[in-house]
**Q** 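Can you read through this structure? Questions will come right after.
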Amino acid sequence: MVPLGDRDEHHSGALLRFRGEPLLSHAVRGLLRSGVVDRVVVAGPARHKAAYSEAVEPAGDTRAQVVAGAAGRADSVRSALTASAAQPSDVVLVHDPARPFTPATTIRAVVEEVRAGAVAAVPVEPVTDTIKVVDSDDVIRGTRDRGGLRSVQAPQAFLAKVLLGAHSADPLAELGAEVHTVTGHPHGMRLATPFDLAVVEALLTAEGTP
């Protein structure tokens with residue numbers, strides 16, 4: 001069972017088109033093909049339900065359904081959990097449809113990490129940019145050591161009981177040191193601009209991915 005709950009500001013991104021289909025279509029298809037997903041529940045604001053249903057339809061898989069969620073990510077995830085009747089010991093993935101090409105190996109890795117005993121697991125990649133610390137006047141006050149920094153990708157895997165008991169929109173922050181990480185992948189990049197779409201198109205074409 002996999003809730004696919006996106007952040008409020010990302011709802012329009014789920015419907016951004018790539019290769020003639022919304023990113024949401026690609027994301028659902030990728031989850032279902034991963035080999036570790038029993039069910040996909042797409043939840044978001046009720047005003048997007050019809051558009052989301054149209055996007056999920058091409059997958060042609062009865063394991064995927066769309067439910068009316070809420071404006072915020074946390075409430076949408078709770079709606080998906082309710083619709084799926086998730087049990088506390090179930091492994092749940094919270095995915096960002098704007099990261100539709102996360103490889104199956106990454107999806108399997110976060111699930112396996114939780115099955116092995118972690119309460120949550122996320123894919124990450126090293127930060128390669130130089131990170132500066134600035135003050136309220138935008139004056140540089142220092143440089144962050146990027147050796148201990150990671151950029152977080154999706155999907156994020158949790159025991160269902162963690163999400164059922166979460167008190168904020170960011171359960172990862174609540175869990176802190178209990179969150180395990182797995183190696184992310186360049187294909188897990190977030191697609192939000194024409195440049196992003198051009199980059200992922202080049203990556204997929206170079207690998208011969210249809």
**Q** Show which side-chain atoms of residues 109-120 pair as donor or acceptor with protein atoms under 3.5 Å away, not counting sequence neighbours.
**A**
unit_1 : atom_1 : unit_2 : atom_2 : d
Glu113 : OE2    : His180 : ND1    : 3.0

**Q** Flag the pair Leu159 / Asp90 as yes when at least one side-chain heavy-atom distance between them is below 4.5 Å, and no otherwise.
**A** no
**Q** Looking at Thr102 and Ala154, would you say the former's side chain and the latter's main chain have a donor-acceptor pair under 3.5 Å?
**A** yes
**Q** Contact between Val67 and Val42 at the side-chain level, heavy atoms closer than 4.5 Å - yes or no?
**A** no
**Q** Test of understanding: with salt bridge (Lys or Arg N to Asp or Glu O under 4.0 Å), list the residues that count as partners of Asp170, not counting sequence neighbours.
**A** none
**Q** Is Leu203 linked to Leu16 within one hydrophobic cluster, defined over Ile, Leu, Val, Met, Phe, Trp and Tyr using a side-chain heavy-atom separation of less than 4.5 Å?
**A** yes
**Q** Suppose we screen for side chain to side chain donor-acceptor pair (under 3.5 Å). Which residues come up paired with Asp135, at least two apart in sequence or across chains?
**A** Arg141
**Q** Can you list every ring pair (Phe, Tyr, Trp, His ring centres under 6.0 Å) pair that touches residues 186-210, not counting sequence neighbours?
**A** His185-His187
**Q** Report the residues that fulfil salt bridge (Lys or Arg N to Asp or Glu O under 4.0 Å) with Arg146, sequence neighbours left out, ordered by chain and then residue number.
**A** none
**Q** The criterion is salt bridge (Lys or Arg N to Asp or Glu O under 4.0 Å); which residues satisfy it with Glu21, sequence neighbours excluded?
**A** Arg29
**Q** For Glu201, enumerate each residue passing the salt bridge (Lys or Arg N to Asp or Glu O under 4.0 Å) test, keeping only those at least two apart in sequence or located in another chain.
**A** Arg19
**Q** Using side chain to side chain donor-acceptor pair (under 3.5 Å) as the criterion, list what pairs up with Arg150, not counting sequence neighbours.
**A** none
**Q** Taking the side chain as every heavy atom from C-beta outward, state whether Arg99 and Pro155 have any atom pair closer than 4.5 Å.
**A** no
**Q** Is there a side-chain contact between Lys132 and Arg144, using heavy atoms and a 4.5 Å cut-off?
**A** no
**Q** Give every residue pair that meets the ring pair (Phe, Tyr, Trp, His ring centres under 6.0 Å) criterion with at least one member in residues 99-130, sequence neighbours excluded.
**A** Phe18-Phe101, His26-Phe101
**Q** Return the minimal non-hydrogen interatomic distance between Pro123 and Gly184, and the atom names on each side.
**A** CB-CA, 4.0 Å
**Q** Taking side chain to side chain donor-acceptor pair (under 3.5 Å) as the definition, give me every residue that meets it alongside Thr193, ordered by chain and number, with sequence neighbours left out.
**A** Asp196
**Q** Quick one: side chain to side chain donor-acceptor pair (under 3.5 Å) partners of Gln65, sequence neighbours excluded?
**A** Arg39
**Q** By the ring pair (Phe, Tyr, Trp, His ring centres under 6.0 Å) test, which pairs, at least two apart or in different chains, include something from residues 117-164?
**A** none
